[in-house]
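This report refers to the structure that appears directly beneath it.
These values consider heavy atoms only, across backbone and side chains, with no hydrogens, waters or symmetry-generated copies. Naming: A, B, ... by sequence-line order, numbering from 1 per chain.
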Amino acid sequence: MYRVKVYVTYKESILDPQGEAVKTALHRLDYQTVEKVTVGKYFELNIADRGQNIDEEVDQMCDQLLANVNMESYRYEIESTTTEG
Amino acid sequence: MYRVKVYVTYKESILDPQGEAVKTALHRLDYQTVEKVTVGKYFELNIADRGQNIDEEVDQMCDQLLANVNMESYRYEIESTTTEG
Amino acid sequence: MKYAIIRFPGSNCDWDLFYVLRDVMAVTPEFVDYRETTLPDETAAVLVPGGFSYGDYLRSGAIARFSPIMAAVKAFADAGHPVIGICNGFQILTEAGLLPGALRKNSSLDFICKPQPLTVTNATTLFTHEFDAGETVMFPIAHGEGNYYCDDATLAQLKQNHQIAFTYQNNPNGSTADIAGVTNERGNVLGMMPHPERASEAILGGDDGQRLFASLIASVTAAAQ
Amino acid sequence: MMTELSPAEIKAQGLYLQWGLSEDEFQQVEKILGRLPNFTETGLFAAMWSEHCAYKNSKPLLKQFKTTSDRILQGPGEGAGVLDIGDGQAVVFKAESHNHPTAVEPYQGAATGVGGIVRDIFSMGARPVAMLDSLHFGELDDAATKYLVDQTIAGIGDYGNCMGIPTVGGETTFDAIFKNNTIMNAMCVGILNVDDQQKGAAAGDGNSIYYVGAKTGRDGIQGAIFASAEFSDEQESQRSAVQVGDPFAEKQLMEACLELIHDHADILVGIQDMGAAGLVSSSAEMGAKAGYGMQLDLDLVPQRESGMIPYELMLSESQERMLLCVKKGHEQEVEALFAKYESEAVKIGHVTAETQYQLFHKGQQVADVPVHALVDEAPVYTQPSRQPERLKQVTEQFEPEIENMNDTFIELLEQPTIASKHAIYERYDSQVQTNTVVAPGADSAVIRLRGTNKGLAMTTDANPRYMYLDPYKGGQIALSEAARNIVASGAQPLGITDCLNFGSPEDPEVYYELQQATKGMAEACDTFGTPVISGNVSLYNEFNKQPIYPTPMVGMVGLIESMDRLTTIDFKHTGDLIYVIGTTKDDFNGSEIQKMQNETVSGQLFDFDLQVEKQHQDLVSDLIDQHLVASAHDLAEGGLAVGLAESSFAGDLGVAVTVDLPQSWLFAETQSRFIVSVTPDNQAAFEALAGDQAQLIGTVDDDRFAIHTNGQSIDMSLADAKHSWKEALAWQLN
Ligand SMILES: Nc1ncnc2c1ncn2[C@@H]1O[C@H](COP(=O)(O)OP(=O)(O)O)[C@@H](O)[C@H]1O
Ligand SMILES: [Mg+2]
C-alpha cells in the first residue's frame, strides 16, 4: 500500500486571503513574529499497490481533481508501506 | 528565520465529509485503488527568529488558532533557515 | 424548443430557474439529470443552475464537472449553442474549462448574500442584447466562492475580445477587474456569479433579470429561423 | 473504548448516576424490568428519561399551553406541528435549541442545530421553505466571543445555504450573562400538501424498520444527557465528541425522503428523524406511538467506526440519519429510491406485535424492555419553586442620564443589540427558492406561497432582560412582540413554536421563572388565538451555577390572506404623516438604555396589559385591511426614537417629528406601540378609524432626522444616523 500526502496551495502570484486572515489573527493574539502565512489543502490518501505507476497516478489525480491548476500548485510525497494493498 | 509547516486533520472518530466526497469522486474517475482520503489544512508560516522557544510558540498557535482541538489534531515541522528574521 | 436545466446532486437553484423560464418567460424548461449522457431533443439552450454541487466540498464545481452529462454540454457548447452557468453553474463551467479563469473564496472569506449593482459591460452577447451598454442592473449575489481570478494575459484577452459581460460596481468579493460575468471567446457560453433568476419578478424586489432571459430566448428563436 | 459493566457492577458503582439517572429512577427501572438492567438497557433509560427526551421537569408546565385551533392538523408530539392554511396546503414549523453544542464547538454546533431542525420538518412530509435563528451571545468585548459569533453565523449559514433553504430572519442580542452559555435556537418552516402529512409511527407486525442516511460513529454519544447538565470550569475538558455536519448528505437525504413520501405513500408507514438520543429515541418513540414493539439487529446498522458497542450505537447522535417504517415486501423499492440519491437505506429490524423493545448484537440479545417504559413512563417532577429575591424588591424607575440627545441617540443606535444585523444575515442565503418577499431587516420576514396570492410572515422574539425582571409579564411580552411583528407585516398570527431556554429546574428560583414565564406565555397565546404547535426545552443553561436570564424564544408564523395586505416598515414618501399608536410612558427598567448606561438591567419591569396590546394590534390589522397605512412598524428595543429611525433607514427618508414628551421618553420601551405612516389622502379615513389610539407626530422628510421634545431635540442628517446604525455591529465584530 502507498500512503500519499498531497499539498495544494495557491500559486505564488495569487493573493491568499485566508493566509492574510490567519496572519492578522495571529498578530492579534500577539504572535508578532509571524511574517507570512499561506493556507493550503492537505490530503492524505491510502492507495492500494496494484503495480501501477504510482507517481503518474497521483500526478493525474492532482491535475484532474485535487488542484485547479489555473490557480493552484501542488506537490506530493509517496511512501510505500509494507502492508499489501 | 523559521519556516514552519503545520498539518491539521480531523481526529480519527470525527466525520470527514470532504474526505468522503473526494474519495467518491476519485472512484468515479476510475482511481479504484484509492482506499481512504482525509482532507485537512496545511499552513506554511514564516516566523522571525527572536530567540523565542519556537516549538512552544508554534504549539500554542496551533492550540489557540490553527486547529480546533475539540475535533482536530495537528503536527508541525520547523526548519531554521539562514536568513535572519 | 427546450431549455435544459442540468441538475447535479446539491443543485438548489434548479427550481428557481425552472419557474422563471416557465412562469415568467413562458418557455419550456426541462430538467436533465447529471447521469444522462445526452441532452433532450430540441434543446435550444443549456442552463447550469446554482447550488452546492457535491457540497462544494473540494472546490466549488470541481467534482460536478466530471458528471456524465458534461460531455454532452461541452459538445453542445462546441457546436456554438448557448450555455449559461449561474453561480455554482459558473464555477462548474470554469472547472470544466468551458470558461476561462477560476473562482476563489471571497476576499472577506464570508458567504455574501445581497443585491449588487452591476454594469452591463457587453450588451451585444446572446445573453445581454436586451440591455444597454453601460447600463446599471441590480442582481443579487449569494456565494462564498465568487472571487474571480485569471492571470494578466487572460485578462488582457478577455478585454480585447469583449468577453467581460458584467462587472460589479462595488466589488463585493475581490474579483479580478471587478468581473461578475464572462463569456468564452466565441460568446456562446456565459458564466456569472449574480443570480438573474432571483431578479425576475417585481415582488421579489426587481425584474432586471428578465431581460437576460429575454435576450437568450430571442437569440435562440432567431437562430432557429 | 468503553467497557461494559455487569448489572451488579452498575448498581454497586452507581454508573447510572454519571449518566443522569437518579437513585429513585434507577430503582424504578429495576421495578419495571423485575431485574437489574444491563449496561445497554441502563444507557437506554438514561437517555430516554433525560430532560431532553422526556421533558420530565417541564411537562407539567407545558400543559398550560393552548394546543387547539380549528387549523391544527398536528399539535405537539411529532417532529413538528402542522397548521392548515387552505388550498390543500399546511404550514409546518418547529424550533430547536443547540445551546450546549454551540458553546463547545460553535461552527459545528450551530450547523448541526440547523441540520436537526430541518430533518424534523421534512420528516412530516413538508418541504422546508425558510429558516430563522435566535441567538444570544456575550458582550462583544473579547476575541473569544467575537470568534464564537463568527463561527456560529458561519455554521448556520453554511448548512442552510448548502441545503437551499433561505434563512429569512431571526434575532441576535448580546449580554454578559450569555458569555459562557450561548443560546442558539433555530426554527424551520415547511410547506406541506395536506395529503402528504406523515407520522413518526412504526405499526404493523413484521413491517420493516429502515435506517437511512449517514453512517453511525461515536459522535455526540450522551448528547441528550449532556444537554441536560450544567457547565462549569472543571467540566471544560470532559466533553463528548463533537458532531460534524454534512449538509450535502442531508440535502440528498431530504430529496430522497420527500420523493418517498410523495410518490410512495402507500408503502411508507412512518418516518422520524434521529435527533437527540439517536437511534434509541427515534425507534422507541415510533414503536410506542403506534402501540407496537420492535426487534433491531445492531450488526446491520451502518457504522463509520469499528468496534462500537450497542450502547454507543444506540446513543450516538451522528447527524443526517432518519428511521423509516416500511410495509413488508417493499424493501427493494425503498433501497432503489435511496440509491438514486446516493444515500444509504438499510433494513435493521422489524415491527413486532408484542410491545417489547428488543436489541440484538453479535447474535446476543442485548436489551429487552417494554417500549412504553422507555417512552411514556419517565417520572414527571414538579420541582420546588421560590420567588427570587430580586423580584420582591420595590424599586424606582430608572431615569436615563442625558447630556446631549444626539450623542445618546447615536450611542444607542450603535448598541450591538440595536444596530443593523446585516453583517450577520448577509452571510445567509435569504433568497434561494425565490419566494422571499420581505428579506431580513424588517419586522417579520415574508415569503409568498407560490401559485396562490397568499404569503407567510414569520418572526422569532425573546427578550431576556424583561424576562429577568419579570418572567410572567416577560412571557406575555415575548408573545405580544412576536404577534406585533406579524400583524405589522399584514398577516394574522396562526400559531407559535417555542424554545424554553432556562437554567437548572432543580434551582427553585429557576423553576419559579419557568412557571411564571410559561404562565404568561400561555395567557398571551389565548389572547392572540395562537396555539403552541411544537417546541423545545433547553434547561441547565448555567455556568458555575450562574443561570442565564430566562430566555423563552417565541417563533411565530402568520398568514397573509391576500398579498395586497403586505405592509413593510419603510417610510414611502416625503410628506406622509407619521402616527404613533399607543401611549408612551417613562418605562425604562429592563430597557436598552438602562443596559447601556448601567451595564445591566434592574428594578421592576413596567406595566403591561394584554388587552391593550390586542386592541392596538386589531386596530393596525383593520387599518391594513382598509389600505390606510403606507408603512407599519412595531416599537421594541430603544423605543420611539429607534423605531422611527428603523423606518427611516429602511426607506432612506428622514422625519420631522414633534412630541409633547420629556426628552428621555423617546427611549422608553412602553409596549403595545406601533408607528405607521399615512399618505395625506388617507388622513381623514385613518383618523376616523384610529380615533384617539393614534397621535399624529409629524411627517416623513427628505434627509434630516429630527425629533423635537419638551427638552432637547434629536436633529441630525439621516445619512449620519444611518451610518452609525449600519456599521456598528460589523465594526464590533472585527
Ligand atoms: N441571527 C439573525 N439571523 C437572521 N436575521 C436576523 C438575525 N438577527 C436579526 N435578524 C434580522 O434583523 C432584523 C432586526 O431584528 P430585531 O431587532 O430582532 O427585530 P424586531 O425588534 O423587529 O423583532 C429582523 O429582520 C431580523 O429578522
Ligand atoms: Mg419589530
- Query: Is chain C contacted by the side chain of A:Q64, its backbone, both, or neither, given a heavy-atom distance below 4.5 Å?
  - Reply: both
- So what's closer than 4.5 Å to chain A heavy atoms on C:L109: side chain, backbone, both or neither? side chain
- Message: With a sphere of 6.0 Å drawn around CD of A:Q52, does it hold more than 12 non-hydrogen atoms of other residues, nucleotides or ligands?
- Response: yes
- Hey, what do you get for CG (C:D151) to CD1 (A:I14), rounding to the nearest 0.5 Å? 8.0 Å
- Query: Does any heavy atom of chain A fall under 4.5 Å from the side chain of C:R104, the backbone, both, or neither of them?
  - Reply: both
- Item | Minimum-distance pair of heavy atoms, taken over all atoms of C:S107 and A:P17 | O-CB, 3.8 Å
- Message: Whether the side chain of A:K41 engages the backbone of C:L58 through a donor-acceptor N/O pair (distance < 3.5 Å, no angle test) should be reported.
- Response: yes
- Considering only heavy atoms, which portion of A:K11 lies under 4.5 Å from any heavy atom of chain C: side chain, backbone, both, or neither? neither
- Partner residues of C:F166 under the ring-ring contact (aromatic ring centres under 6.0 Å, His included) criterion, sequence neighbours left out: C:F139
- Message: Please determine whether the number of non-hydrogen atoms from other residues, nucleotides or ligands lying under 6.0 Å from atom CG of C:D152 exceeds 12.
- Response: no
- Side chains of A:N68 and C:Y149: does their closest heavy-atom pair fall under 4.5 Å? no
- Task: Compare every heavy atom of C:A102 with every heavy atom of A:M71, then report the nearest pair and how far apart it is.
- Result: SD-CB, 3.7 Å
- Query: Should we say atom CD of A:E12 is surrounded by more than 12 heavy atoms from elsewhere, each under 6.0 Å from it?
  - Reply: no
- Message: Can you confirm whether C:Q160 is buried at CD, in the sense that more than 12 heavy atoms of other residues, nucleotides or ligands lie under 6.0 Å from that atom?
- Response: no
- Quick check: are there more than 12 heavy atoms from other residues, nucleotides or ligands sitting under 6.0 Å from NZ of C:K74? no
